[in-house]
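Okay, so here's the structure we're looking at.
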Amino acid sequence: MTAPESTSAPAHFIRTRIAREFEAGLHQRVVTRFPPEPNGYLHIGHAKSIVLNFAMPDEFGGYTNLRFDDTNPVREEQRFIDSIKEDVKWLGYRWENECYASDYFETLYGYALSLIDNGLAYVDEQDAETIRAQRGTLTEPGTDSPCRNRPSAESRRLFEGMRAGEFPDGAMVLRARIDMAAPNINLRDPVLYRIRREHHHRTGDDWCIYPSYDFAHGQSDAIEHITHSLCTLEFEDHRPLYDWLIEHLPVPSRPVQIEFARLNMDFTVMSKRRLTRLVDEGHVHGWDDPRMPTIAGLRRRGFTPESIRSFCTEIGVTKSESIIPFGVLERNLRDDLNARAHRRMAVLRPLKVVLSNFPEGETEWIEAANHPQDPEQGSRRLPLTREIYIERDDFMEDAPKKFFRLKPDGEVRLRNAFIIRCQEVIKDDEGTVVELRCTFDPETRSGQPGSNRKVKGTIHWVSAAHAIRAEVRLYDRLFNVPHPAGDRDADFLEHLNPESLEVLRDARLEPGLAPAKVGSYFQFERLGYFVPDVDTAPESPVFNRAVTLRDTWARLEKELAGR
RNA sequence: UGGGGGAUCGUCUAGUGGUAGGACUACGGACUCUGACUCCGUCAGCGGGGGUUCGAAUCCCUCUCCCCCAGCCA
């Protein structure tokens with residue numbers, strides 16, 4: 001089961017390969033799995049994997065399992081399981097089976113025994129350091145452990161003893177008996193089981209031995225009859241081990257592992273270790289901080305599942321590593337929301353404007369479309385009064401010729417309403433503009449015959465008397481360098497952008513925005529896409545800016561400033 | 001100086017012997033009661049060198065650069 005809309009499916013090497021396999025009659029269906037370790041929150045990189053893993057069965061027939069790779073109890077927690085399930089669902093996907101590697105511990109244990117009985121695994125009583133030393137180096141072969149040739153019956157007794165809790169943590173491990181001289185280090189008798197007295201979030205204290213990733217993953221795939229085990233590039237040189245185990249174990253199916261490049265994005269970090277540090281050291285306000293690249297963070301920021309899915313489809317699937325500009329994700333959000341977000345007016349940094357020829361105490365109701373290109377999305381009525389607020393940025397006393405907004409003696413249209421002319425600029429003692437006196441032209445009301453008079457600029461506004469106050473949070477990139485994790489000379493935290501969050505506490509919104517609920521989204525015209533934050537409350541609304549509108553003026557302005 | 005991968009417009013990505021294509025960005029223009037959207041147009045690429053071939057991004061040789069692997073993490 002997958003998300004409703006089927007995004008266009010460009011050919012990529014995995015899709016092409018599966019299609020060929022189908023043509024050759026190798027499969028009747030595709031079964032994949034999304035296998036997170038429950039030791040952190042899902043991020044946009046996981047989304048790429050999720051979209052891929054659900055898309056293949058969706059296209060070819062089959063299904064996807066959600067499998068928690070919970071073989072290391074020291075790092076895993078139930079709360080992460082909960083968040084992962086929530087995030088996958090929110091992205092729009094429904095898994096066929098909810099699986100846990102820990103459900104297979106007994107089966108896996110049996111597989112280990114069979115390996116031992118066949119002389120393909122042995123218990124090694126050396127400590128970790130010795131084993132490491134014997135592994136050799138990238139250029140030198142390893143040396144055999146003295147335990148390597150012990151009788152399999154002895155290994156079996158020891159391994160059974162390991163399970164029975166007869167030995168302390170770290171006293172011994174189970175190792176595959178492959179080849180200590182293999183050029184691929186993963187084949188130099190890799191560790192299959194270790195003793196670890198640690199409470200497991202699902203199996204409790206039933207086990208004191210836990211399988212390693214290599215021993216658990218492929219066999220779990222086989223148990224679930226996964227046809228294609230899709231993973232990232234760093235597991236590429238584990239594939240010979242993956243295949244070796246499948247080949248030598250009495251598993252019920254023979255999955256194949258296919259690797260693809262993980263997602264990297266600029267101006268952020270993606271590794272769980274670094275994300276965990278950001279959270280634990282308080283650089284952000286939790287895993288769902290809107291500046292985080294986590295699914296929870298993006299959701300809170302205002303990203304839609306559709307935008308994340310289309311992004312993941314757009315970037316493609318290859319084996320070459322790449323870094324996707326964050327702006328690509330943002331554009332997918334804009335494209336999605338542009339089509340369906342209702343337009344609203346909100347003033348982030350208010351500047352009072354008095355319409356001197358507007359009758360005092362009167363309210364004029366203005367009809368405003370919810371969407372400029374789609375009348376079916378309806379309209380709402382806006383109050384216009386003598387005192388309004390406009391955006392501070394929309395007025396300039398010494399404006400450059402290309403500035404199309406309000407300036408002394410200049411004209412501008414109030415969006416959905418009248419053309420106004422700036423007659424007077426009022427400043428405080430320090431010279432700061434605090435108020436504008438303008439006149440409005442009653443003939444130019446939107447929709448009236450006289451409204452076709454053209455002025456160069458249109459600005460948004462709210463009625464001072466009706467507007468609701470709100471807190472608005474503006475987000476910028478979390479880091480101020482494109483590759484914060486790529487600096488060998490500095491900790492990535494040194495590249496944190498101190499201005500990644502800007503809180504505006506005096507924004508004014510059109511009154512209809514008051515009851516907006518979390519999960520709704522709007523375009524604040526001329527500003528960007530905004531959503532109510534989870535902190536929002538009826539009497540104290542809080543909005544997040546998910547993304548700005550594309551802003552050609554900002555670029556022009558920067559250019560003008562540059563010369 | 002082991003093994004495994006990867007190099008195609010600025011970015012991402014198609015293209016396994018027959019005119020290197022798309023998307024994004026950028027730039028220019030049209031439109032505009034959002035400097036948004038939309039539309040039109042332009043710029044721009046096969047890591048280097050050799051070879052095979054009528055013809056090479058694609059096949060061969062060679063060089064260079066980048067990533068991953070020496071956890072009882074995944």
Side-chain angles (χ1 to χ4, degrees), chain A residues 10-12 35-37 39 69 71-72 74-76 124 127-129 131-133 135-142 169-175 181-188 190-196 209-210 212-214 216-217 231-240 259 261 266 272-273 314-325 327-328 331-332 334-335 338-339 343 345 368-369 371-373 402-405 412-419 444 446-447 451-460 523-528 548-557:
Chain A
H12 57 63
E37 183 187 14
N39 67 343
D69 223 333
T71 58
N72 185 2
V74 312
R75 322 184 342 149
E76 297 151 8
D124 194 334
D127 60 29
E129 212 163 301
I131 289 175
R132 187 184 321 130
R135 191 148 30 222
T137 68
L138 295 180
T139 52
E140 299 158 323
D169 286 12
M172 54 191 72
V173 292
L174 182 71
R175 289 228 262 169
N184 180 344
I185 291 179
N186 293 298
L187 263 17
R188 318 239 262 230
V191 171
L192 269 23
Y193 266 92
R194 67 270 196 178
I195 305 172
R196 187 159 290 181
I209 58 171
Y210 292 95
S212 64
Y213 165 84
D214 287 308
H217 201 97
C231 65
T232 43
L233 252 26
E234 66 268 30
F235 293 104
E236 210 153 17
D237 46 17
H238 288 243
R239 180 155 28 96
E259 312 84 10
D266 63 7
K272 233 178 257 185
R273 199 194 107 247
E314 177 183 325
I315 58 177
V317 180
T318 67
K319 295 190 72 147
S320 57
E321 298 130 71
S322 58
I323 300 172
I324 312 289
V328 174
R331 177 174 44 74
N332 275 274
R334 287 194 194 104
D335 286 349
N338 176 51
R343 273 52 174 176
M345 289 204 283
H371 194 287
Q373 278 89 34
K402 293 271 193 144
F403 185 81
F404 301 149
R405 287 112 92 160
V412 77
R413 173 173 288 281
L414 295 181
R415 175 78 169 148
N416 297 307
F418 301 91
I419 292 173
T444 58
S446 298
S451 72
N452 50 19
R453 180 152 80 83
K454 302 290 178 202
V455 287
K456 199 65 185 158
T458 299
I459 63 173
H460 56 278
Q523 183 195 100
F524 288 180
E525 287 198 89
R526 304 207 309 130
L527 297 173
T548 62
L549 256 30
R550 191 158 161 272
D551 192 350
T552 312
W553 167 249
R555 279 206 304 270
L556 219 191
E557 197 178 30

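Residue numbers start from 1 in every chain, and the chains themselves are labelled A, B, ... in the order their sequence lines are given, proteins ahead of strands. The shown structure was predicted, so the numbers you read here are calculated from the model rather than taken from an experiment.
G2(B) and A70(B) have their C1' atoms separated by 11 Å, with the value rounded to a whole Å. Spacing between A57(B) and U13(B) at atom C1', rounded to whole Å, works out to 14 Å.
In this structure, the nucleotide among G35(B), C73(B), G5(B) sitting nearest to the side chain of Thr552(A) is G35(B). Set against C73(B), G35(B), G71(B), the side chain of Arg526(A) has G35(B) as its closest nucleotide. Counting only heavy atoms from C-beta on, Glu234(A) has its side chain closest to C68(B) among C12(B), C68(B), G5(B). Ranking G35(B), C12(B), C37(B) by closeness to the Asn338(A) side chain, first place goes to C37(B). The Glu37(A) side chain lies nearest to C73(B) when the options are U34(B), A70(B), C73(B).
One side chain, Asn72(A) or Arg196(A), offers a donor N or O that lies under 3.5 Å from an acceptor on the other.
When ring centroids are compared, Trp553(A) and Phe403(A) come within the 6.0 Å threshold.
Within the 4.0 Å cut-off from OP1 or OP2 of U13(B), at least one side-chain nitrogen or oxygen of Thr318(A) is found. Side-chain N/O atoms of Arg550(A) include one lying less than 4.0 angstrom from OP1 or OP2 on A26(B). Under 4.0 angstrom from either OP1 or OP2 of G71(B) there lies no side-chain N or O belonging to Arg194(A).
A donor-acceptor contact under 3.5 angstrom links the side-chain atoms of Arg405(A) to the base of G35(B). Within 3.5 Å, no donor on the side chain of Asn184(A) pairs with an acceptor on the base of G4(B), nor the reverse. One donor-acceptor pair, N or O on each side, does fall under 3.5 Å between the base of A36(B) and the side chain of Gln373(A). For Arg331(A) against U25(B), no side-chain N or O and base N or O form a donor-acceptor pair under 3.5 Å.
Look at CZ on Arg135(A): it is 19 Å from P on G3(B), rounded to the nearest Å.
Between the Glu140(A) side chain and the Gly136(A) main chain, no donor and acceptor come within less than 3.5 Å of each other.
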